[in-house]
Amino acid sequence: MQIETQEILKAQSMWRDNPLLLHKALFSNLRLWCKQEEILKSVKENQRTAVKSGNTVGKTYIAADVAVTFLLSYYPSKVITTAPTFTQVEDILWKEIAGLYRRSKIPIGGDLLKTELKLNEEWFALGISTDEVNRFQGFHSPYLLVIIDEASGVKPEIWEAIEALHPFRILAIGNPLESS
């Protein structure tokens, strides 16, 4: 049975309006706590969402959830994820994204690699490290989300490169280690 394009567009519209609805459809067995729900809603409603967090409270899980739900709610969309080191991108955030992809109640489709989920050429999520400013150039989309995990460790020039992309949304999340 083929799903009609109009049905997909209607579903995406509902998911954009209520990202918790999509989370529940995809991951009904994975409950969010109230602060995680607030983060999902904030990314929907605000151009920038900054989350001060602590250890073992589910910040990387919700960042992964935001990546997947945003990607599926907007077309065309691109999600760029980053962290201070590539190890953090690959071994922490993208392991969570891969776990969600595999546990989804609805098959997501596309090609899942270690740090990329490609639905098509203009519809993908990608994890990159933050040690080279030029790695952030060239990502353009009407719906571009940048997720910065462990954001306090990201250098100012990387923040400038991210801002130069003019993203539709930014989620910056992490444990603040400095007061500035």
Side-chain angles (χ1 to χ4, degrees), residues 12 15 19 22-23 26-27 30 32 36 39-40 43 48-51 53 55-175 177:
Q12 282 186 321
W15 297 337
L22 178 55
H23 169 84
L26 295 174
F27 316 117
L30 302 173
L32 299 176
Q36 291 172 317
I39 293 165
L40 262 181
V43 172
R48 287 167 176 69
T49 299
V51 180
S53 188
N55 292 320
T56 66
V57 295
K59 70 180 173 297
T60 302
Y61 171 81
I62 195 60
D65 195 313
V66 167
V68 172
T69 56
F70 183 92
L71 186 66
L72 296 178
S73 296
Y74 293 91
Y75 179 83
S77 63
K78 296 176 184 171
V79 178
I80 305 301
T81 68
T82 193
T85 69
F86 190 70
T87 299
Q88 290 167 310
V89 171
E90 183 178 34
D91 293 341
I92 300 171
L93 181 54
W94 274 85
K95 279 193 178 178
E96 287 283 354
I97 291 171
L100 287 173
Y101 180 89
R102 285 191 292 277
R103 290 185 298 221
S104 176
K105 301 283 186 209
I106 302 167
I108 293 172
D111 296 317
L112 177 66
L113 305 172
K114 276 193 155 211
T115 58
E116 182 178 20
L117 173 54
K118 189 173 190 177
L119 300 173
N120 72 34
E121 293 295 320
E122 294 299 317
W123 195 17
F124 61 83
L126 179 67
I128 58 177
S129 64
T130 61
D131 47 1
E132 295 179 35
V133 173
N134 62 354
R135 299 225 34 221
F136 284 93
Q137 295 176 346
F139 296 106
H140 304 287
S141 176
Y143 301 109
L144 174 64
L145 167 66
V146 178
I147 297 175
I148 308 161
D149 197 10
E150 301 301 348
S152 66
V154 174
K155 296 177 184 175
E157 58 269 18
I158 300 301
W159 281 96
E160 290 174 25
I162 290 168
E163 289 291 347
L165 294 173
H166 304 289
F168 178 69
R169 297 285 190 265
I170 294 175
L171 170 61
I173 195 165
N175 303 335
L177 301 175

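In this chain, numbering begins with 1 at the start of the sequence shown. Small disclaimer: the values here were computed from a predicted structure and weren't measured.
Between atom CZ of residue F124 and atom NZ of residue K78 there is a gap of 4.5 Å, rounded to the nearest 0.5 Å. Rounding to the nearest 0.5 Å places CG of D65 at 10.0 Å from CD of E96. Once rounded to the nearest 0.5 Å, the distance linking NZ of K118 with CG of N120 reads 8.5 Å. With rounding to the nearest 0.5 angstrom, the CD1 atom of I80 is 5.0 Å from the CG atom of L126.
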Apply side chain to side chain contact (heavy atoms under 4.5 Å, CB included) to T60 and Q88, showing your working. CA-CA 10 Å; T60 302; Q88 290 167 310; over 6 Å; no
Chi angles and distances behind the side chain to side chain contact (heavy atoms under 4.5 Å, CB included) call for T81, D149: CA-CA 8 Å; T81 68; D149 197 10; over 6 Å; no
R135/S129 under side chain to side chain contact (heavy atoms under 4.5 Å, CB included): CA gap, chis, key distance, verdict: CA-CA 8 Å; R135 299 225 34 221; S129 64; 3.4 Å; yes
Would H23 and L32 count as a side chain to side chain contact (heavy atoms under 4.5 Å, CB included) if you check the C-alpha gap in whole Å, the side-chain angles of each, and the deciding distance to 0.1 Å? CA-CA 9 Å; H23 169 84; L32 299 176; 3.5 Å; yes
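For the pair I148/I158, no side-chain contact is recorded, criterion being any heavy-atom separation below 4.5 Å from C-beta on. Considering only heavy atoms from C-beta on, Y61 comes within 4.5 Å of Q36 through its side chain. Between L117 and W123 there is no side-chain heavy-atom pair separated by less than 4.5 Å. Residues S73 and P19 are not in side-chain contact: their nearest non-hydrogen atoms beyond the backbone lie 4.5 Å or more apart. Residues I128 and T115 are not in side-chain contact: their nearest non-hydrogen atoms beyond the backbone lie 4.5 Å or more apart. Taking the side chain as every heavy atom from C-beta outward, F70 and I147 never approach each other to under 4.5 Å. For the pair L72 and L26, the minimum side-chain heavy-atom distance is below 4.5 Å. Taking the side chain as every heavy atom from C-beta outward, F27 and L100 approach each other to under 4.5 Å.
Other residues, nucleotides and ligands place more than 12 heavy atoms under 6.0 Å from the CG atom of N134.
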Atom pairs and distances, side-chain donor-acceptor, residues 167-174, under 3.5 Å, sequence neighbours left out:
residue: R169; atom: NE; partner: V43; partner atom: O; Å: 2.7
residue: R169; atom: NE; partner: N46; partner atom: O; Å: 3.1
residue: R169; atom: NH2; partner: K44; partner atom: O; Å: 2.8

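With sequence neighbours left out, E90 forms a salt bridge (charged side-chain N to carboxylate O under 4.0 Å, His left out) with K114.
Among residue pairs with one or both ends in residues 81-115, none qualify as ring-ring contact (aromatic ring centres under 6.0 Å, His included); sequence neighbours excluded.
Across Q137 and L165, no two heavy atoms sit closer than the pair CA-CD2, 4.5 Å. Between K59 and I62, the shortest heavy-atom distance links the atoms O-CG2, 3.2 Å. Across S152 and N175, no two heavy atoms sit closer than the pair OG-O, 3.2 Å.
A salt bridge links E163 with R48: the distance from a Lys NZ or Arg NE/NH1/NH2 to an Asp or Glu carboxylate oxygen falls below 4.0 Å.
Between the side chain of T82 and the backbone N or O of V89, no donor-acceptor pair lies under 3.5 Å.
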